[in-house]
Amino acid sequence: MSILVLGGAGYIGSHAVYQLINQQNDVVVVDNLQTGHREAIHPEATFYKGDIRNIVFLRYVFKKESIDAVIHFAANSLVGESMKKPLAYFDNNVYGTQVILQAMTEFNVKHIVFSSTAAVYGNPAQVPIAETSDPNPTNTYGETKYIVEKMMYWMNQAHDIKYVSLRYFNVAGALHSGEIGEDHRPETHLIPIILQTALGQHDHITIFGEDYDTPDGSPIRDYIHVDDLIQAHLQALDYLQHGGASDVFNLGSSEGFSVKEMIKSARKVTGAPILVESGPRRDGDPSVLIASSDKAQKVLGWHPSRISIETIIKDAWNWHRTHPDGYGRE
Ligand code: UDP
């Protein structure tokens, strides 16, 4: 029996495949390679190139492989882009998941672990944010993920498909060995841009807003190591396989760091000066996002271990320093 990883060539999906294979699972990867990289796919995984929106293709994969459960990472995930191209996000994230659930129903696959996001909360009334906080997305990306959560809820009622939806905070870091890491094109995320600046690929990093209601004026986020994040997926799968009920969990470190604190820590790790400039706020950015991950710790038994911000930046640096062009020019 195999685990089907949708989006297994992407940043987070590729880390999931490595951990699953390290733990002796058979893994099937589906990816359309729109944003993922073929080089990121573990050589021992069975790979099918194709699009989740194509039911004929999905039926082919489900028929050929004996799929036990699905972990679904395949999505568009840039907040800014989602505001400019809402229909592309509804198409890939919402309709794409609808097609997956259709295939799961046809082939009687009953368990799915889904990548959701802290963006479902919008501007939370209170931090740390618990799962009981009302979702109120302020961008299209968060909205599409929230709609999928509701779709899975109704599919559970109708077809008994059990799901765990994991609401990620800011995922960062890389596999400790440095074999795989983060390579988005274009890159928009804070840590990769800081480290590219340390490598001399940009002359400075722009801080998007220094007038937030935070101690140093820059926004605060909760950064979680990708390895810890994936560990939670494996535990979620185990939870479902042992009869756990469908549920939603936050995944974060429960600690917040400002943009300026992140830059300071990266200077320490890299020894590079990392010049900064002050820029305007980025549309849709909340001031503070910090998770309460108590529920995942209690129910799934999840205990993140690489929570120091320096460890996260060190592992990311290990990747960027040894792969200055990411997976290479494509
Ligand atoms: N950020 C920044 N400069 C950059 C990229 C990001 O100041 O070049 C800030 C951004 O405003 C946010 C934080 O860094 O407060 C994390 O942004 P990222 O895009 O990594 O993740 P997000 O929180 O949007 O998911």
Side-chain angles (χ1 to χ4, degrees), residues 3 5 11-13 15-20 22-23 25 69-73 77 111-122 124-135 142 145-146 148-149 152-153 156 162-176 191 220-258 261-262 265 286 288-316:
I3 310 292
V5 180
Y11 166 48
I12 301 175
H15 284 80
V17 174
Y18 269 69
Q19 271 196 39
L20 283 163
N22 279 344
Q23 298 188 14
N25 293 285
V70 174
I71 310 186
H72 175 23
F73 299 99
S77 61
H111 297 144
I112 179 166
V113 177
F114 175 67
S115 306
S116 187
T117 171
V120 301
Y121 294 113
Q126 175 176 332
V127 286
I129 308 165
E131 293 82 352
T132 46
S133 193
D134 278 341
K145 292 287 182 172
Y146 186 45
V148 170
E149 289 187 353
M152 293 190 300
Y153 172 85
N156 185 4
K162 300 276 184 249
Y163 65 91
V164 164
S165 183
L166 299 172
R167 293 176 176 168
Y168 305 165
F169 284 64
N170 287 62
V171 188
L175 198 68
H176 187 60
I191 295 180
I220 292 178
R221 294 286 178 277
D222 176 335
Y223 296 86
I224 179 79
H225 196 296
V226 64
D227 273 353
D228 282 333
L229 183 96
I230 297 307
Q231 186 53 41
H233 290 66
L234 272 47
Q235 285 173 274
L237 213 52
D238 193 58
Y239 161 86
L240 289 175
Q241 285 165 340
H242 285 90
S246 295
D247 213 337
V248 171
F249 300 92
N250 289 340
L251 297 180
S253 70
S254 310
E255 257 196 278
F257 292 92
S258 73
E261 284 172 326
M262 296 301 286
S265 183
V288 181
L289 286 177
I290 302 174
S292 158
S293 297
D294 292 355
K295 186 175 167 188
Q297 305 209 8
K298 212 166 114 201
V299 179
L300 302 178
W302 179 59
H303 296 291
S305 62
R306 302 182 77 70
I307 51 174
S308 122
I309 208 63
E310 223 170 284
T311 305
I312 294 176
I313 294 176
K314 263 186 196 153
D315 283 349

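Just so it is clear, the model here is predicted, and its values are computed rather than measured.
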| Considering only heavy atoms from C-beta outward, does the side chain of F73 approach that of Y11 to under 4.5 Å? | no
| request: Using the six-membered ring wherever Trp is involved, compare the ring planes of Y239 and F249 and label them parallel, tilted or perpendicular (cut-offs 30° and 60°). | output: perpendicular
| note | N156 meets the side-chain hydrogen bond (donor to acceptor under 3.5 Å, both in side chains) criterion, sequence neighbours left out, with K162, S246
| field | Point-to-point distance, once rounded to the nearest 0.5 Å, from CG of L229 to CH2 of W302 | value | 7.0 Å
| said: Are there over 12 heavy-atom neighbours, none belonging to Q23, within less than 6.0 Å of that residue's CD? | reply: yes
| query | Could you walk me through whether F169 and R221 pass the side-chain contact (heavy atoms from CB on, under 4.5 Å) check? | reply | CA-CA 8 Å; F169 284 64; R221 294 286 178 277; over 6 Å; no
| query | From N250 CG over to T132 OG1, what is the distance, rounded to the nearest 0.5 angstrom? | reply | 9.0 Å
| Gap separating the OG atom of S265 from the CD1 atom of I312, nearest 0.5 angstrom | 9.5 Å
| field | V248 vs V120, side-chain contact (heavy atoms from CB on, under 4.5 Å): CA-CA, chis, key distance, verdict | value | CA-CA 12 Å; V248 171; V120 301; over 6 Å; no
| task | Might you point out which heavy atoms bring I112 and L240 nearest each other, and give the distance in Å? | result | O-CD1, 3.7 Å
| message | Checking Q297 now: which residues fulfil side-chain hydrogen bond (donor to acceptor under 3.5 Å, both in side chains) with it, not counting sequence neighbours? | response | none
| request: For the pair D222 (side chain) and S254 (backbone), establish whether a donor and an acceptor sit closer than 3.5 Å, ignoring hydrogens and angles. | output: yes
| Considering all heavy atoms of both residues, which atom of A69 and which atom of Q241 are nearest to each other, and what is their separation? | CB-NE2, 4.3 Å
| H15 side, atom NE2; Q231 side, atom CD - distance, nearest 0.5 Å | 14.0 Å
| Any idea which heavy atoms bring A172 and I191 closest together, and the distance? | CB-CD1, 3.5 Å
| query | Do I12 and I230 come within less than 4.5 Å of each other through their side chains, counting heavy atoms only? | reply | yes
| task | Taking the side chain as every heavy atom from C-beta outward, state whether V127 and I220 have any pair of such atoms under 4.5 Å apart. | result | no
| message | Holding to side-chain hydrogen bond (donor to acceptor under 3.5 Å, both in side chains), I want the full list of residues that pass it with R167, two or more places apart in sequence or in another chain. | response | Y121, E149
| query | Under the salt bridge (Lys or Arg N to Asp or Glu O under 4.0 Å) rule, what pairs show up with a residue in residues 238-251, not counting sequence neighbours? | reply | D247-K295
| request: Applying salt bridge (Lys or Arg N to Asp or Glu O under 4.0 Å), name anything that partners D315, two or more places apart in sequence or on another chain. | output: R306
| query | Do M262 and I313 have side-chain heavy atoms sitting under 4.5 Å apart? | reply | yes
| message | Would you compute the distance between atom OG of S293 and atom CG of L251 and round it to the nearest 0.5 angstrom? | response | 6.0 Å
| task | Kindly compute the distance separating CD1 (I224) from OG (S253), expressed to the nearest 0.5 Å. | result | 5.5 Å
| task | Please report the shortest heavy-atom distance between L300 and A232, naming the atom on each side. | result | CD1-O, 4.3 Å
| query | Does Y168 have any side-chain hydrogen bond (donor to acceptor under 3.5 Å, both in side chains) partners at least two apart in sequence or in another chain, and if so, which? | reply | S115, H233
| said: Show the nearest heavy-atom pair for residues A236 and L166, with the distance to one decimal. | reply: CB-CD1, 4.5 Å
| remark: Of all heavy-atom pairs linking P286 and G122, the shortest is CG-O, 4.2 Å
